[in-house]
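Proteins get letters first, then strands, A, B, ... in listed order; numbering begins at 1 in each. Computed from a predicted model, the values in this text were never measured in an experiment.
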There are 2 protein chains.
Amino acid sequence: MTETRTATPERPYHHGNLRDELLAAAEATLRERGQEQLSLRELARQIGVSHGAPRRHFADRQALLDALAITGFGRLDDALRAALEETGEDFPSRLRATAGAYVRFATDSAALLELMFTTKHREGAEAVREAAAPAFVRLDALIVQGQRSGEVAAGDTEQVSIVLFATLQGIATLINGDMVDLSRLEDLTDQATEQFLRGQRPLG
Amino acid sequence: MTETRTATPERPYHHGNLRDELLAAAEATLRERGQEQLSLRELARQIGVSHGAPRRHFADRQALLDALAITGFGRLDDALRAALEETGEDFPSRLRATAGAYVRFATDSAALLELMFTTKHREGAEAVREAAAPAFVRLDALIVQGQRSGEVAAGDTEQVSIVLFATLQGIATLINGDMVDLSRLEDLTDQATEQFLRGQRPLG
DNA sequence: ACCTGAACACCGTTCAAGT
DNA sequence: ACCTGAACACCGTTCAAGT
């Protein structure tokens with residue numbers, strides 16, 4: 001029971017884990033109050049370091065936001081992979097599982113999604129784009145499967161997968177922006193996937 | 001050639017047109033440097049009024065951004081209407097014209113688009129949503145035309161039009177966020193519209 | 001190697017006061 | 001009715017200095 005074990009322990013000079021703590025605190029603030037309300041100084045205060053300390057780990061505010069976006073893409077890819085592991089092998093099942101997982105992630109993490117997709121005209125944005133690649137590749141692979149099984153017309157795979165990606169992303173944007181009610185999410189996603197299946201079915 | 005006619009004329013006490021000038025200057029800054037770089041104080045400096053003056057016309061920074069978003073929706077609707085006036089009467093032509101006009105507007109005014117569609121959890125957002133209504137109604141009317149002509153399957157009109165809207169919005173988001181190159185815009189839009197036409201064609 | 005703390009140049013917002 | 005200008009409480013960023 002020494003002085004150094006109080007409720008707010010005097011931290012040793014070297015904090016040791018600041019980067020991860022900053023990211024965790026930033027993500028919580030992002031979810032609760034949005035990107036614009038996220039302040040480096042406030043994060044430092046919450047964690048108990050001086051306002052200059054974050055600088056060692058993130059060159060500036062934007063670098064921290066980029067890091068959040070990058071982890072976001074990782075989590076998106078994890079969500080898509082997990083959904084595919086729990087579904088059947090046929091193309092329609094995999095399409096529906098992917099679409100459902102995407103829009104669920106996107107509407108559950110609206111502020112994070114915004115960070116992930118509004119990257120334009122920034123330095124360091126290259127790293128964010130690279131982080132997005134696995135999710136795009138996963139969509140691409142899904143379309144390739146559909147083309148092999150004959151359920152998706154032959155053609156420019158990437159073009160088809162981008163339009164599919166765009167549709168899911170757009171549905172999430174309309175809902176996250178309160179233009180469309182969240183209660184319509186499932187029906188809209190079904191509409192999009194069934195329309196995709198019909199629109200892609202090779203003409204007999 | 002009196003003292004009151006210098007290059008920077010001494011303005012009369014009552015400015016008279018401050019609201020419109022603020023909006024115009026704000027839109028230019030938005031386009032050139034993005035929303036985050038837009039500062040009320042800097043706008044006031046550019047126009048030549050005190051930093052407190054904007055307060056008479058916009059309660060706060062967000063109110064000015066909302067006003068920009070609202071004028072953006074008006075301009076979007078204008079663009080859609082203009083495109084429809086220049087095309088044929090058949091449904092596929094009108095679908096293609098609408099889609100093309102939408103993605104052109106959306107990629108030409110990327111920062112404005114972001115303002116228009118990220119409205120969540122804000123007061124005064126109601127006015128922004130209302131401003132969006134005409135564009136949604138226009139898409140709805142287009143789908144109704146397609147259903148009447150038999151080129152779109154009968155069903156929930158709004159659901160179909162929202163998915164179409166979402167697809168176009170998503171394509172623009174991916175391009176504006178530099179995830180997809182602008183050069184692919186036209187092909188992606190064509191892919192989306194042709195897939196829509198095939199996916200909606202009633203089964204014979 | 002990592003963090004502190006003062007300093008600088010900005011913000012948005014408020015409000016009494018001027019015309 | 002409309003605008004000014006001082007004041008307040010924040011920011012992000014920089015950097016010499018500490019351990």
Legend entry - Nearest-angstrom distance from the residue atom CZ of B:Arg45 to P of D:dC3: 18 Å
Legend entry - Residue A:Leu40, side-chain heavy atoms: nucleotide from D:dC3, C:dT14, D:dG12 that is nearest: D:dG12
Inset, instruction - With rounding to the nearest 0.5 Å, note down the distance linking CG in A:Asp187 to CD in B:Glu158. - result: 11.5 Å
Legend entry - Distance in angstrom units between B:Gln37 CD and C:dG12 P, rounded: 11 Å
Inset, instruction - Could you check how far CD1 of B:Ile47 sits from P of D:dC2, rounded to whole Å? - result: 16 Å
Legend entry - Of B:Leu18 and A:Glu42, the one whose closest DNA chain D nucleotide lies more 5': B:Leu18
Legend entry - Length of the CZ-C1' vector between A:Arg55 and D:dA17, whole Å: 16 Å
Legend entry - Nearest-nucleotide comparison on DNA chain C, the residue closer to the 5′ end among B:Ala59 and A:Asn17: A:Asn17
Inset, instruction - Side chain of A:Arg61 only, please: which of C:dG12, D:dG12, C:dT4 is the nearest? - result: D:dG12
Inset, instruction - Select one nucleotide: of C:dC11, C:dA7, C:dT13, the one nearest the side-chain heavy atoms of B:Ser39. - result: C:dC11
Legend entry - Atom-pair distance (CZ on A:Arg19; P on C:dA1), nearest Å: 18 Å
Inset, instruction - Could you tell me whether the side chain of A:Arg55 and the main chain of A:Asp60 form a donor-acceptor pair under 3.5 Å? - result: no
Legend entry - Aromatic ring proximity, centroids under 6.0 angstrom, A:Phe136 and A:Phe73: no
Legend entry - Touch class at under 4.0 angstrom, heavy-atom based, for B:Arg41 against every strand present: base
Legend entry - Interatomic distance where CZ belongs to B:Arg56 and P belongs to C:dA17 [whole Å]: 15 Å
Legend entry - Aromatic ring proximity, centroids under 6.0 angstrom, A:Phe196 and B:Phe196: no
Inset, instruction - Under 3.5 Å for both distances, Watson-Crick or G-U wobble, that's the pair rule; now give the dot-bracket for DNA chain D, with | marking pairs to another strand and [ ] for crossing ones. - result: ||.|||||...|||||.||
Legend entry - Salt-bridge contact B:Asp181-B:Arg184 (side-chain N to carboxylate O under 4.0 Å): no
Inset, instruction - Name the residue closer to the 5' end of DNA chain D, choosing between B:Ala53 and A:Asp60 according to the nucleotide with the nearest heavy atom. - result: B:Ala53
Legend entry - Pairing of A:Arg75 and A:Glu27 as salt bridge, 4.0 angstrom limit: yes
Inset, instruction - Counting heavy atoms from C-beta on, name the nucleotide in D:dC3, C:dC3, C:dA6 closest to the side chain of A:His51. - result: C:dA6
Inset, instruction - Give, for atom OG1 of B:Thr167 and atom CD of B:Gln191, the distance between the pair rounded to the nearest 0.5 Å. - result: 11.0 Å
Legend entry - Protein-nucleotide distance (B:Glu36, atom CD; D:dG12, atom C1'), rounded to Å: 13 Å
Inset, instruction - Rounded off to whole Å, could you give me the NE2-to-P distance for the B:His57 and C:dT13 pair? - result: 16 Å
